[in-house]
Structure formats: C-alpha cells, structure tokens
Amino acid sequence: MGLFDRFKKKQPKTMLDKVQELAGPLIVNGYRQLAAANGTAPTAKTSDQKIIEIYQQVGSAFGEASKERNEHLPAGYMNTIVFKFFQVYEMMGDTMFYEHLKYEVDKYINEGLRDDYKKDLKLF
C-alpha cells in the first residue's frame, strides 16, 4: 500500500453495478430452476459465474444485432435465446459456443429472428 492509498476513496458503485449485483442471483436461480424442471442445461457442469457470463455475452450480441435491425427483442425472447445457448455451451464447449453465437447473430441480422427463439420465457 502506497503512502497516500489509505486516503483514496473507493469508487462508488454505479446503479448498473448495484442492479447486476442484485440480479445475478435471480438470473442464476431462474435458469437453474428451469433447467432442473426440464432436465437440461445449465447443470452443475456450468458455474454460476459462467451462467452470468453467457447471459451477458448472448444478451449483448443479440441486443446489438437488434439495434442494427432497428428492432426490439422482448426480455422473454432474450431469456429463451440465452437458455438455448446454455445447451450449446454444455454440449459443445467454449469454442463451439462462440462460433454458434456468431452464426446465430449473423443469421438474425440477415434473416430475422428464428421462430423457436420467439418464446416469452419468464425467469422470475
């Protein structure tokens, strides 16, 4: 610790930091309950941290793509899309997950949203 470090104030958390801190456990529990009820991923093979990571990556990628298409994807559709990507991640691993995400985002941009993604999945 440097001479003046003790006098530095910690950065206050942003509203987004607070929301993510609170929402994280809700997101993880929501997907874990869905998975348990359906006998699908995410299973114990996927850590809570990885669930949040996939949720953010898929949500960001499809969110950007929806802006590019001048569309709004409802939260329920996003939840469905993310849920399907947990299956991809657990069956095929990181590399195929990223390749499939790129493929699906490009397909959405060029052709519109797949019908099987148009389901209003409620997490909580």
Just how far is it from atom [atom1] of [X] to atom [atom2] of [Y], taken to the nearest 0.5 Å?
X	Y	atom1	atom2	answer
D94	F97	CG	CZ	7.5 Å
T46	I54	OG1	CD1	6.0 Å
F124	L26	CZ	CG	5.0 Å

Salt bridge (charged side-chain N to carboxylate O under 4.0 Å, His left out) pairs touching residues 74-89, sequence neighbours excluded, are K84-D116

Going by the rule side-chain contact (heavy atoms from CB on, under 4.5 Å), which residues pair with [X] if we only count those two or more places apart in sequence or in a different chain?
X	answer
R32	V28, P42, D48, I51
K122	D120
I109	A65, E68, V105
E64	K67

Salt bridge (charged side-chain N to carboxylate O under 4.0 Å, His left out) partners for E104, two or more places apart | R114

Should we count NZ of K102 as having more than 12 external heavy atoms under 6.0 Å?
-> no

Is atom OH of Y103 surrounded by more than 12 heavy atoms (other residues, nucleotides or ligands) closer than 6.0 Å?
-> no

With a 4.5 Å limit on heavy-atom distance, are the side chains of L113 and I81 in contact?
-> yes

So do the side chains of L73 and Y117 get within less than 4.5 Å of each other, counting heavy atoms only?
-> no

What pairs with [X] under side chain to side chain donor-acceptor pair (under 3.5 Å), at least two apart in sequence or on another chain?
X	result
N29	none
E53	K50
S47	none

With sequence neighbours left out, write down each residue that passes ring pair (Phe, Tyr, Trp, His ring centres under 6.0 Å) with [X], or none if nothing qualifies.
X	answer
F83	none
Y77	none
Y31	F86

Might you point out which heavy atoms bring E90 and K45 nearest each other, and give the distance in Å?
-> OE1-CE, 3.9 Å

For this output row, return yes or no: ring centroids of F85 and H100 closer than 6.0 angstrom.
-> yes

May I ask you to decide if A41's main-chain N or O and Q87's side chain share a donor-acceptor pair within less than 3.5 Å?
-> yes

Could you tell me whether the side chain of S66 and the main chain of G63 form a donor-acceptor pair under 3.5 Å?
-> yes

Evaluate the side chain to side chain contact (heavy atoms under 4.5 Å, CB included) criterion for residues L34 and T40: first the C-alpha distance (whole Å), next the side-chain angles of each, then the deciding distance (0.1 Å), finally the verdict.
-> CA-CA 8 Å; L34 279 168; T40 59; over 6 Å; no

